[in-house]
Amino acid sequence: MKANFNVEKLGNGIYALIRTEPASLWFNPNNIFIIGDKYAIVVDSNISSEYTREVLAELKKLTDKPVKYVINTHWHEDHIIGNRVYRDAFPGVQFIGHRSTLTDLPTIGAANREGSVQNGRGFIGRLEANIEKGEDFEGKKLTEEEKIGYTSDIALVSSYLAESTKFDIILPTVLVDDKLELKQGKRTIDILFLGRAHTGADLIVFLPNEEIAITGDLIVHPVPLVGSTSYPLEYGATLEKLRGLKAKIYVPGHGPIMRDDTYLNSMIALMNSIKRQAEASAKRGETFEQMRGSVNLEEFRRAFAGESQHRSFIFRNYVTLPAVAAAYRQLNPSAAASGSL
Ligand SMILES: [Zn+2]
């Protein structure tokens with residue numbers, strides 16, 4: 001079976017493995033290899049060891065050097081579950097992550113994982129039933145794009161669940177606060193924390209000489225992935241710092257390679273609008289329900305999703321709903337702490 005990625009060479013020893021699964025409700029991330037004279041660096045692992053083994057097999061076609069570092073851009077399942085594949089293959093490998101991973105992965109991460117494992121079978125059942133009935137989650141007639149997306153989701157969830165009894169979660173062994181600079185021969189590799197955004201632990205990998213930014217889920221295409229563990233009030237500012245690095249090439253966490261700022265600018269406009277609207281709502285003293293009614297992202301949904309029913313659903317469920325909930329929590333810490341949300 002052909003693996004679900006295309007390999008794109010971005011420079012001497014720099015390869016991006018760009019996933020070919022369609023944009024849908026479950027995710028597998030792009031991976032990047034940075035290969036030097038003595039060792040290789042891999043950015044992110046995958047949603048299961050099965051997928052990570054395919055990625056490692058690809059690396060072995062390109063080099064016989066060992067992997068010295070795996071950089072996890074954040075602690076979400078799809079970026080870390082396959083870490084063990086590298087540890088098993090390269091006993092000396094180090095895992096680089098943001099310091100807050102040490103707190104967040106065993107707590108919020110573990111709770112999310114438990115939810116995914118518990119609900120996984122049921123989710124597959126709903127996807128299968130939707131395909132069978134020819135209906136989507138909102139009871140609308142299933143489009144071809146939705147059918148392709150659901151079919152891909154079933155494969156991703158199945159691969160994840162198949163390993164769920166023996167998950168081996170690896171915490172970072174090298175911690176980053178704001179910046180870690182690696183030297184790989186003549187190459188400089190900056191691992192940067194630019195601020196909270198998609199999570200509180202988003203690292204980007206910046207190659208200043210090659211002008212390449214590997215962004216993790218700070219950038220996700222075709223629909224941004226704000227998600228429930230995000231910081232929407234800071235997301236826009238963090239993306240502006242990313243833009244300030246003036247990279248010529250962006251490798252997003254999910255989606256194709258980008259060679260200009262067009263998409264990044266659209267994401268910045270979206271995030272800044274969420275912040276403006278949520279803050280205005282809080283100033284008016286609105287409740288959570290009222291904020292959900294008053295924050296209007298319709299213009300952005302149209303821009304990102306176009307006429308696609310599937311992408312509109314993704315936008316509502318991965319941008320609008322979680323962004324407003326997370327913004328409300330950020331603006332009303334006492335409501336969040338009391339569990340009234
Ligand atoms: Zn991701």
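We count ligands from 1, going down the list as the structure has it; atoms in each ligand are counted the same way. Since we're looking at a predicted model, the values are computed, not measured.
The local environment of CD in Glu298 is crowded, with over 12 non-hydrogen atoms from other residues, nucleotides or ligands closer than 6.0 Å.
Residues Asp136 and Thr143 fail the side-chain proximity criterion, which asks for heavy atoms closer than 4.5 Å.
For the pair OD2 of Asp217 and NE2 of His254, the angle at the Zn ion (ligand 1) is about 100°; rounding is to 10 degrees. Taking the Zn ion (ligand 1) as the corner point, the angle from Asp78 atom OD2 to His79 atom NE2 is about 90° (rounded to 10 degrees).
The aromatic rings of Tyr86 and Phe90 sit parallel to each other, their planes meeting at less than 30°, with 60° as the upper class boundary.
None of the N, O or S atoms belonging to His76 lies under 2.8 Å away from the Zn ion (ligand 1).
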Walk me through it: do Lys275 and Glu279 pass the test salt bridge (charged side-chain N to carboxylate O under 4.0 Å, His left out)? CA-CA 6 Å; Lys275 176 179 156 74; Glu279 284 176 345; 3.0 Å; yes
